[in-house]
**Q** 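Take a look at this one; I'll ask things after.
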Amino acid sequence: MTVVGREELKGRRAGQATFIVHVQYRQNATWQGQVTWAEKEKIQSFRSALELIKLMDSALDSQSKTGEENAEDIGGDHEA
């Protein structure tokens, strides 16, 4: 496994988003933890793998709607 610094991640993919997923627990056949949107340095907790996917999707959706990365948090107004 290769560990990459935040600055290197930011320079790798222009126009795309990088998410760092920290799985803290694996319970009830799913993941719980935190996801960091690397470019915005926003952190959001998630309670399931599905919620993680929805958070990342809504972050990308808010980014594409505005044309820039200005969402208040990773998930915007997302409710699980």
Side-chain angles (χ1 to χ4, degrees):
M1 178 165 89
T2 304
V3 178
V4 180
R6 286 181 190 238
E7 293 304 316
E8 185 178 343
L9 281 174
K10 287 180 183 180
R12 280 188 178 184
R13 300 181 186 159
Q16 295 182 3
T18 304
F19 296 99
I20 301 166
V21 178
H22 180 241
V23 177
Q24 294 171 314
Y25 306 101
R26 293 181 304 161
Q27 296 176 346
N28 302 321
T30 192
W31 296 345
Q32 295 88 43
Q34 291 184 326
V35 58
T36 303
W37 186 358
E39 290 83 7
K40 295 295 289 179
E41 297 183 10
K42 302 288 183 177
I43 300 171
Q44 183 76 35
S45 296
F46 60 90
R47 297 170 294 203
S48 70
L50 179 60
E51 185 175 11
L52 169 63
I53 293 167
K54 288 180 178 181
L55 287 168
M56 292 189 294
D57 183 58
S58 66
L60 294 173
D61 189 42
S62 68
Q63 178 180 326
S64 67
K65 282 183 182 177
T66 60
E68 57 187 46
E69 301 170 1
N70 66 357
E72 285 186 23
D73 61 22
I74 292 174
D77 294 337
H78 170 73
E79 292 288 326

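Just so you know, residue 1 is the first one in the sequence shown, and it goes up from there.
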**Q** In Å and rounded to the nearest 0.5 Å, what is the OG1 to CH2 distance from T18 to W37?
**A**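 Those atoms lie 10.5 Å apart.
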**Q** Measure the CD-CG distance between Q34 and L55 for me, rounded to the nearest 0.5 Å.
**A**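 Interatomic distance, Q34 CD to L55 CG, rounded to 0.5 Å: 11.5 Å.
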**Q** Among all residues two or more places apart in sequence or in another chain, which pass the side chain to side chain contact (heavy atoms under 4.5 Å, CB included) test with V21?
**A**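 Scan of V21 (side chain to side chain contact (heavy atoms under 4.5 Å, CB included), adjacent residues dropped) gives V23, V35, F46, L52.
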**Q** Could you grab the distance from atom CZ of F19 to atom CD1 of I53, nearest 0.5 Å is fine?
**A** 12.0 Å
**Q** Residues two or more places apart in sequence or in another chain: which of them pass side chain to side chain contact (heavy atoms under 4.5 Å, CB included) with T30?
**A** Q32, S48, A49
